[in-house]
Every structure is written in C-alpha cells, then in structure tokens.
Amino acid sequence: MEQEGPLFILGVFFVLGIVALTVVAVLQNKPLPENLKYGIVLDAGSSHTSVYIYRWPAEKENDTGVVQQVEECKVEGNGISSYHEKPVEAGLSLQACMNKARDIIPVSKHKETPVYLGATAGMRLLRLTNSRVADEVLASVENTLRSSPFDFQGARIITGQEEGAYGWITINYLLGNFIHSSPWFNIMPNSKEGTSGALDLGGASTQITFVSDENIESQDNSLRFRLYGKSYNVYTHSFLCYGKDQALRLQLANTMTGQNITLLDPCFNSGYMRNVSTADLYSSPCVSGLRILTAPQTIQIQGTGNYQLCKNKVQTIFNVSHCSYSRCSFNGIFQPGLQGEFGAFSAFYFVMDFLKLTKEKVSLDSVKDTVERHCSKPWAEVKRESGRIKEKYLSEYCFSGVYILSLLDLYGFNSSSWEDITFLGKIHGSDAGWTLGYMLNLTNMIPAELPPSPPLSHGGYVGLMVFFSVFLLFILLTCWLTFRKPKCLQKGII
Ligand SMILES: Nc1ccn([C@@H]2O[C@H](COP(=O)(O)OP(=O)(O)O)[C@@H](O)[C@H]2O)c(=O)n1
Ligand SMILES: [Ca+2]
C-alpha cells in the first residue's frame with residue numbers, strides 16, 4: 001500500500017494534466033464568433049430586374065459553397081431598357097428593392113457591402129439602337145445606387161461571354177463541383193468528378209457553356225479558368241436575339257406579309273388573339289432588317305395551336321446552311337460536341353416547370369408529347385387550368401416549349417443526351433443565374449489555387465484530442481489496476 005501512494009498522486013496529476021491540456025486546446029481553437037459579410041447584385045435583364053442579396057461567413061470566404069442567397073427582390077415593372085423614352089425613371093424603379101436591402105442587411109454592414117449592377121441583352125440591344133440613350137439609362141441606375149448606403153461598385157452592360165461564364169461558375173459553385181480537386185473531398189461518398197454545363201435562356205439572349213476537351217476552333221468561344229487548383233477549358237456562346245422574346249419577334253417578322261391584317265399563328269393556342277403594333281415589332285434591332293414597308297400599322301395574331309406547324313415556323317429563324325468550322329450549332333457559330341451533364345435555368349426552367357417537366361427525368365419523346373398536347377389545347381381551357389399566371393407568359397408557353405426543343409436540338413441534344421439535362425430553378429436555396437458567379441469573381445472569392453487549410457476541421461481536432469486523452473487515461477487506469485505496484489512505471493510502460 002505504501003508504494004501505491006506516490007503512484008496514486010502521480011495518476012491524479014496525470015489526469016489533471018490531460019484535462020487541462022484538453023481544456024486549453026478547446027478554448028484556444030474555439031471558432032471566433034461568426035462575422036457575416038453581405039453583397040448585392042442587380043440582374044438588369046431584358047424583361048425585368050431582380051436584386052439579389054448574398055451572405056457568407058467572412059473567415060470562410062475562400063471555401064466553395066459558403067455564399068448563400070438571402071433574398072431576391074423583383075423590381076416592379078419591365079427591364080431597365082424599357083425606360084428608353086424616360087431614362088430618369090429607370091433608376092427610380094430600383095428604389096423599393098434597395099430599401100428592402102437596407103432593411104435586411106444590418107446597418108453596421110451597409111458601408112462595407114458591395115453593390116454591382118450587370119445589364120444583359122436588353123441593354124445590349126438598346127446600345128445597338130441608340131448608345132446615347134443606353135448610357136443615360138445606365139447613368140440613371142448608377143445615380144440611385146450611388147445614393148444608397150452601400151458600397152457601389154459599378155453598373156455596366158456585361159458581355160454575352162461573361163454572362164455565359166458566370167452562369168457556369170454559379171451552378172458549379174453551388175453544386176460543389178469545384179471542390180473535387182481537393183484530396184480531402186475525393187474520399188467523400190457520392191462525389192462525382194467533373195463540372196456541369198450551363199444553359200441559360202433569357203428574353204433577349206441565350207447562353208451555352210460547358211467544359212470541352214476538344215479544340216475550340218474559334219477564339220471568341222474559348223475561356224480558360226484556373227479555379228481551386230484545377231484548370232478548365234471552357235466553350236461558351238451567347239446568341240443575341242435568341243432569347244425567347246426576341247425569337248418570338250423573329251418568328252413573327254418572318255411570316256409578316258405586306259397586306260394581311262390577320263396573322264394565323266400555329267404557336268399560339270386556338271382561340272387566342274393579340275394585337276401587335278408593327279412599329280413596336282420592328283423597333284428591335286433583331287428584326288429591323290426584316291421590316292416590310294407596306295405592313296399595316298397593327299396586325300392581329302390569331303392562334304391555331306398546331307405543334308408541327310409551329311415547329312416548322314420556328315425553324316425558319318435558324319440558319320443552318322453555312323459553317324466555316326468543323327461543326328456548328330447554327331448561324332455559322334462553332335460548337336464542339338456536347339460533353340457531360342447540363343443544368344438548364346432561367347426561362348428553360350420557367351417553361352419546363354409550367355409544363356410540369358422538372359420534377360423527375362422525363363424522356364425527350366414525353367417532353368415533345370407534353371408540348372404538343374399543350375399547343376393543341378384551346379386558349380379558354382389553358383386559361384381555365386392556370387388562371388393565376390400572367391396572360392403574357394401563359395399565352396407563350398406553346399411557342400416557348402417548341403422553341404426550347406428546337407434550340408436544344410440544334411445544340412446537339414438527342415434522346416440519349418437529353419437525360420443529361422437537369423432543369424434547375426434554385427440550388428440549395430440560391431437562384432441559378434449569372435449573378436452569384438459575377439459577385440464571386442469581383443470580390444476575389446474564387447482562388448486560382450486551393451487555399452492552404454489545416455487538415456482537420458475544428459470539430460475533428462477537438463474530437464481527436466478528447467479521444468486520445470481518454471485513451472491515455474484508460475491505459476493508465478488499466479496499468480494501475482493490473483499491477484497496483486510502481487513496477488509498471490519502472491518498466492517504462494507509461
Ligand atoms: N416566371 C417567369 C419569369 C420570367 N420569364 C421569362 O424569362 C426570361 C428572362 O429573361 P431576362 O429578363 O433575364 O432577359 P435576358 O436579358 O437575360 O435576355 C424572359 O423571357 C421572361 O419572359 C418566364 O417565362 N417566367
Ligand atoms: Ca437573364
């Protein structure tokens with residue numbers, strides 16, 4: 001017993017030492033209170049403007065998938081390019097959403113919160129028609145944003161190439177596709193190598209962007225990225241005038257005649273009628289070259305609802321007769337073969353969602369059947385079934401469905417590759433679109449190389465510390481209970 005006394009005291013000190021070590025380690029490595037950062041991006045599209053508010057923890061800003069969308073505020077009215085006759089009012093239209101941003105973002109963060117406005121194809125078209133007015137519209141929105149309490153970083157018309165690239169970055173960031181290059185994530189179950197291509201359909205332009213291992217024959221369509229330590233060879237193209245609203249104009253302009261006041265249109269449901277001012281139709285630079293001088297001032301569209309005839313009519317807006325590269329999609333634009341999975345968002349999603357084709361994978365034939373059935377429904381029935389939806393959208397789903405099928409066919413999607421397309425609205429709560437990628441790039445949140453990080457997370461570190469402490473304690477206890485003599489110490493077991 002005499003010999004056990006010093007051993008017991010030694011044991012107590014040992015236990016106390018381990019407890020103290022664990023407490024110090026836990027306290028020292030306690031994560032700091034979360035410091036949140038905010039960012040605002042305005043997507044000034046051709047049909048409308050949305051204000052997106054993002055939030056992320058400051059100390060994790062170089063990780064992937066940490067930025068979250070906290071709000072999308074839809075600006076009342078049409079896109080900023082529609083203010084071409086009263087540019088000053090373009091800025092005023094943003095006020096309500098900027099006030100909302102003021103309420104959502106804590107006052108202490110206002111000064112450090114960057115605000116970016118990116119205008120897309122509607123403003124590209126306005127710049128082509130009248131660059132002075134386009135500048136006035138931009139100056140007006142800039143004025144409003146400058147007078148907000150946030151850190152205004154600029155309002156500009158982004159290029160089609162940027163729109164494609166940032167849409168691709170957004171969806172791959174949100175899907176977590178960039179992190180596979182890290183050895184720590186390679187061991188994750190369900191992890192799938194590779195990125196997803198991006199298909200964006202707007203009102204005035206449409207973008208296709210995907211990684212290709214083929215030679216990109218046209219420099220304008222080639223992008224090279226280095227993200228999180230991995231290089232990407234990316235193909236992108238933006239078709240101006242091939243957003244669904246401008247495509248509809250092209251399709252109408254192609255069937256205009258000099259005399260007829262009535263235009264029978266198979267892309268609208270039977271019984272549907274719409275008056276169109278020819279001055280308005282031809283006001284877009286996409287169709288101004290197709291103007292028929294003798295056309296009446298107003299024409300009346302009368303729907304006949306016929307899928308096959310609509311398809312034939314839609315096909316007239318694409319030129320597939322010339323290609324100076326080894327392969328083209330349409331209008332002489334180079335496109336390599338499709339590769340990998342694709343996420344299709346914006347109007348691709350809105351239209352497919354209306355037709356209830358987004359929930360699970362549906363075969364190309366079933367999609368064609370659904371669009372055909374929708375086109376053949378009388379307008380009164382369409383209205384009865386979905387009365388809540390804005391008439392402008394509702395009346396155009398037949399055309400939009402046929403247009404999407406024709407466009408994807410020209411990109412090269414067939415019955416088998418159709419399965420690779422997922423129609424995406426939101427990914428983990430954030431909208432699929434170019435805005436998040438734009439902000440990530442401008443705030444330098446996507447590093448070219450993998451940021452150095454400790455091999456273990458805070459939780460993992462504390463867990464291991466506790467485990468080994470308990471393990472050592474267990475050894476000591478076992479030793480003490482087994483020998484109950486200082487022998488084990490003398491033998492150097494501990
Ligand atoms: N709920 C909605 C919202 C928008 N949309 C359409 O989605 C398209 C959005 O285009 P956008 O305003 O972003 O235009 P771009 O500047 O991207 O070409 C427009 O054609 C809208 O009509 C829709 O079909 N359903
Ligand atoms: Ca858009």
Side-chain angles (χ1 to χ4, degrees), residues 41-52 72-84 90 93 117-128 134 137-138 141 155-168 170-171 198-209 236-251 267 284-286 343-358 371 374 386 388-404 407 423-426 431-438:
V41 187
L42 288 92
D43 174 357
S46 62
S47 69
H48 83 293
T49 302
S50 272
V51 179
Y52 292 99
E72 178 197 2
C73 178
K74 291 190 168 105
V75 168
E76 279 279 318
N78 297 327
I80 58 169
S81 54
S82 69
Y83 290 88
H84 54 93
S93 73
L117 180 142
T120 50
M123 287 298 285
R124 275 176 223 139
L125 292 177
L126 181 59
R127 188 172 52 188
L128 286 175
V137 170
L138 282 180
V141 294
R156 54 180 284 266
I157 302 173
I158 64 167
T159 64
Q161 207 184 47
E162 286 177 283
E163 198 177 355
Y166 294 131
W168 180 83
T170 299
I171 66 164
L199 299 165
D200 179 356
L201 179 60
S205 76
T206 189
Q207 289 71 239
I208 175 167
T209 311
T236 189
H237 190 75
S238 173
F239 290 91
L240 188 60
C241 298
Y242 287 81
K244 72 182 182 60
D245 304 329
Q246 293 298 325
L248 179 60
R249 281 176 189 251
L250 279 169
Q251 183 252 189
C267 296
S284 153
C286 297
F345 48 89
S346 194
F348 280 119
Y349 177 79
F350 300 137
V351 174
M352 290 296 163
D353 188 47
F354 170 80
L355 296 168
K356 302 192 172 60
L357 296 169
T358 54
V371 176
H374 175 74
S386 2
R388 299 162 293 108
I389 302 174
K390 267 212 275 193
E391 184 161 318
K392 151 107 178 74
Y393 292 147
L394 197 57
S395 61
E396 293 176 9
Y397 284 122
C398 168
F399 166 77
S400 303
V402 173
Y403 179 63
I404 286 173
L407 184 64
F423 293 92
L424 300 163
K426 286 182 189 285
D431 280 85
W434 59 266
T435 49
L436 175 56
Y438 189 62

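Just so you know, ligand 1 is whichever comes first in the structure, and atom 1 is the first atom listed for that ligand.
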Chemist: Excluding sequence neighbours, so at least two apart, what forms ring pair (Phe, Tyr, Trp, His ring centres under 6.0 Å) with His48?
Modeler: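 Partners of His48 by the ring pair (Phe, Tyr, Trp, His ring centres under 6.0 Å) criterion come out as none, since no residue qualifies.
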
Chemist: Would you call the rings of Trp434 and Tyr438 parallel, tilted or perpendicular, where under 30° means parallel and over 60° means perpendicular?
Modeler: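 Answer is perpendicular, since the angle exceeds 60°.
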
Chemist: Using every non-hydrogen atom in the two residues, find where Asp431 and Tyr52 come nearest and quote the distance to one decimal.
Modeler: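 Asp431 and Tyr52 have their closest heavy atoms at OD1-CE2, 3.8 Å.
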
Chemist: If you take all heavy atoms of Asp200 and Ser346, which pair is closest and at what distance?
Modeler: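 It is OD1-CB, 3.3 Å.
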
Chemist: Indicate yes or no for a side-chain donor-acceptor contact from Thr209 to the backbone of Gly164 under 3.5 Å, with no hydrogens or angles considered.
Modeler: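 Yes: the side chain of Thr209 pairs with the backbone of Gly164.
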
Chemist: Where do Met123 and Ala134 come nearest, in terms of heavy atoms and distance?
Modeler: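 That would be CE-O, 3.4 Å.
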
Chemist: I'd like the atom pairs linking ligand 1 to the protein - N or O on both sides, separation under 3.5 Å - with distances to 0.1 Å.
Modeler:
{"from": "ligand 1", "atom 1": "10 (O)", "to": "Gly203", "atom 2": "N", "distance (Å)": "2.8"}
{"from": "ligand 1", "atom 1": "12 (O)", "to": "Ser46", "atom 2": "N", "distance (Å)": "3.2"}
{"from": "ligand 1", "atom 1": "12 (O)", "to": "Ser47", "atom 2": "N", "distance (Å)": "2.8"}
{"from": "ligand 1", "atom 1": "12 (O)", "to": "Ser47", "atom 2": "OG", "distance (Å)": "2.6"}
{"from": "ligand 1", "atom 1": "14 (O)", "to": "Ser46", "atom 2": "N", "distance (Å)": "3.3"}
{"from": "ligand 1", "atom 1": "14 (O)", "to": "Ser46", "atom 2": "OG", "distance (Å)": "2.8"}
{"from": "ligand 1", "atom 1": "14 (O)", "to": "Gly203", "atom 2": "N", "distance (Å)": "3.0"}
{"from": "ligand 1", "atom 1": "16 (O)", "to": "Ser46", "atom 2": "N", "distance (Å)": "2.8"}
{"from": "ligand 1", "atom 1": "16 (O)", "to": "Thr120", "atom 2": "OG1", "distance (Å)": "2.6"}
{"from": "ligand 1", "atom 1": "16 (O)", "to": "Ala121", "atom 2": "N", "distance (Å)": "3.4"}
{"from": "ligand 1", "atom 1": "18 (O)", "to": "Gly203", "atom 2": "N", "distance (Å)": "3.1"}
{"from": "ligand 1", "atom 1": "18 (O)", "to": "Ala204", "atom 2": "N", "distance (Å)": "2.8"}
{"from": "ligand 1", "atom 1": "18 (O)", "to": "Ser205", "atom 2": "N", "distance (Å)": "3.2"}
{"from": "ligand 1", "atom 1": "20 (O)", "to": "Asp245", "atom 2": "OD1", "distance (Å)": "3.4"}
{"from": "ligand 1", "atom 1": "20 (O)", "to": "Asp245", "atom 2": "OD2", "distance (Å)": "3.0"}

